[in-house]
Amino acid sequence: MSSDSKKAVVLGAGMVGTLMAKDLASGGEFKVTLADRSEAALAKAKAYLGPDVPIETATCDLSDPAALKTLAESADVVLGALSSHLGYSALQTLAQVGTPYCDISFMAENAMDWNDLAREHGTVCVVDCGVAPGMSNLLTGAGVSMLDRADEVEIYVGGLPKNRTWPFEYKAGFAPSDVIEEYTRPSRIVEHGQVVVREALTEPELMEFDGIGTLEAFNTDGLRSLIETLDVPHMKEKTLRYPGHIELMRVFRATGLFQKETIEVDGQQVSPLALTQALLFPKWTFEEGEEDLTVMRIIVRGEENGKPKTYRWDLYEPYSKEERATSMSRTTALPCTIMARMLVDGTFKQPGVHPPELLGSNKVIVDRMLGELAERGITYTATTS
């Protein structure tokens, strides 16, 4: 490691955060600190990385603003691999520090709430910079910027186990609690220029994908910032699963198994959701070495030079045996580390909170992102029609 190495802090020592630390530390240009409240998680990360990937670890409560500020103030860049319930408050804290920040949190709240705060403190924050949200936003923004008029955006994305096993035919490539949120949070889509709300798990479609076969797509609240930032009259994002998953999750939801409010059972107050998580999550957790895959399709339709034009990107990314890492963790972690490098070297340096679609019109950023992902074995196949 050279004496002029930059300092990067990664918040969260799950698999995504661990891969962020690995990618940044492996090149030698960063001195990396991986922070988490769990000593066990940090020890697991160190064991996974091995002696050839030198990182430091910090045990601290990442819900504590003071701890976050201390970590960020000594860094050249901070990366957030936090669960959704921590993302919003962490962004508020870090927006005030001045250190560039890039995160992948699927926070339910509006990250743009802290835009003025970040601008006031000169902090560059790129949020939702994973795979979806993340690359889905960046490429959607790129497609819209290339059209003279954008009419329609369709995004389909899913993380799946390679091998289908009864009864769920599903395992979670990220926090299972965030997966359940997808099944309960109302889904916002755009129709004829108006935001409409649909229940999650609705409007199923069967779709064919090379290398996989038939998948089912259903409404989830995945558009997020795209609703506010892009002027496109028709937009939707749907989640992909193996056929049959929608019906099973609808039954769970209708039974009340995703309900947070407690009910009385044999004189005890019990949260159905907490019980469901305790029973379900071990069954939805990938075993060591178990293979997954990530599939995504982004379609942007409109008009260019007076003619109909469609831009489309497809991703099919399998488990990496070489990295011993799930596809979902790699496709989520690496866009964030690539963006972090661009924040450090000044490729993007505008203070404020920025969702990736706002960077999609910057060809330098898009080309570099796609190029560096391809160098790491993650290829987005572009087609036009």
Output the distance between atom [atom1] ([X]) and atom [atom2] ([Y]), rounded to the nearest 0.5 Å.
| X | Y | atom1 | atom2 | value |
| --- | --- | --- | --- | --- |
| Leu24 | Lys7 | CG | NZ | 13.5 Å |
| Leu11 | Asp103 | CG | CG | 9.5 Å |
| Lys22 | Leu49 | NZ | CG | 7.0 Å |

Can you establish whether the number of heavy atoms outside [X] located under 6.0 Å from its atom [atom1] is more than 12?
| X | atom1 | result |
| --- | --- | --- |
| Gln269 | CD | yes |
| Lys6 | NZ | no |
| Glu39 | CD | no |
| Glu247 | CD | no |
| Arg250 | CZ | yes |

Salt-bridge test for [X] and [Y]: reply yes if a basic N is under 4.0 Å from a carboxylate O, no otherwise.
| X | Y | value |
| --- | --- | --- |
| Asp345 | Arg368 | yes |
| Arg301 | Asp151 | no |
| Arg253 | Glu199 | yes |
| Arg185 | Glu181 | yes |
| Arg198 | Glu191 | yes |
| Lys171 | Asp292 | no |

- Message: Evaluate Arg241 against Glu182 for salt bridge (charged side-chain N to carboxylate O under 4.0 Å, His left out), listing each step before the verdict.
- Response: CA-CA 12 Å; Arg241 296 285 185 265; Glu182 290 185 340; 3.5 Å; yes
- side chain to side chain donor-acceptor pair (under 3.5 Å) between Asn219 and Thr202, worked out: CA-CA 5 Å; Asn219 284 330; Thr202 56; 3.1 Å; yes
Any donor-acceptor pair under 3.5 Å linking the side-chain atoms of [Y] with those of [X]?
| X | Y | answer |
| --- | --- | --- |
| Thr294 | Glu317 | no |
| Thr220 | Thr239 | yes |
| Ser329 | Thr332 | no |

Indicate yes or no for a side-chain donor-acceptor contact from [X] to the backbone of [Y] under 3.5 Å, with no hydrogens or angles considered.
| X | Y | value |
| --- | --- | --- |
| Ser271 | Lys260 | yes |
| Tyr242 | Pro161 | yes |
| Arg341 | Cys336 | no |
| Gln259 | Glu261 | yes |
| Thr383 | Trp313 | no |
| Asp76 | Ala8 | no |
| Asn115 | Val353 | yes |
| Thr276 | Phe258 | no |
| Arg324 | Tyr48 | yes |
| His234 | Glu152 | no |

- Task: Measure from NZ or CZ of Arg297 to the centre of the six-membered ring of Tyr156, then state whether that distance is under 6.0 Å and the direction lies within 45° of the axis.
- Result: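 Ring-cation test returns no.
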- For Tyr311, is the NZ or CZ atom of Lys309 found under 6.0 angstrom from the centre of its six-membered ring and inside 45 degrees of the ring axis?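 Lys309 over Tyr311 ring: yes.
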Any idea which heavy atoms bring [X] and [Y] closest together, and the distance?
| X | Y | result |
| --- | --- | --- |
| Tyr170 | Leu160 | CD1-CD2, 4.4 Å |
| Lys31 | Ser5 | N-CB, 4.2 Å |
| Ala111 | Val127 | CB-CG2, 4.0 Å |
| Ala67 | Asp61 | CB-O, 3.7 Å |
| Gly17 | Val10 | O-CG1, 3.5 Å |
| Val232 | Val190 | O-CG1, 3.6 Å |

Quick check: is [Y] connected to [X] through a chain of hydrophobic side chains (ILVMFWY, heavy atoms under 4.5 Å apart)?
| X | Y | result |
| --- | --- | --- |
| Val9 | Leu94 | yes |
| Tyr319 | Ile212 | no |
| Leu79 | Leu71 | no |
| Leu139 | Ile227 | yes |
| Leu91 | Leu359 | no |

How about [X] and [Y]: do any of their side-chain heavy atoms sit closer than 4.5 Å?
| X | Y | result |
| --- | --- | --- |
| Arg312 | Ser385 | no |
| Arg330 | Arg376 | yes |
| Pro335 | Val131 | no |
| Thr123 | Pro100 | no |
| Pro233 | His192 | no |
| Glu237 | Val157 | yes |
| Thr379 | Leu315 | no |
| Cys102 | Leu343 | yes |

- In terms of the angle between their ring planes, are Tyr183 and Trp284 parallel, tilted or perpendicular, with boundaries placed at 30° and 60°?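 It falls in the perpendicular class, over 60°.
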- Query: Using the ring of each side chain (for Trp, its six-membered ring), is His354 parallel, tilted or perpendicular to Phe348, with breaks at 30° and 60°?
  - Reply: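 Perpendicular: the ring planes of His354 and Phe348 meet at over 60°.
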- Task: Verify side chain to side chain donor-acceptor pair (under 3.5 Å) between Tyr88 and Asn110, making sure each step is shown before the conclusion.
- Result: CA-CA 8 Å; Tyr88 186 70; Asn110 186 357; over 6 Å; no
- Item | Derivation and outcome, salt bridge (charged side-chain N to carboxylate O under 4.0 Å, His left out), residues Lys236 and Glu205 | CA-CA 13 Å; Lys236 63 182 179 181; Glu205 299 179 52; 3.1 Å; yes
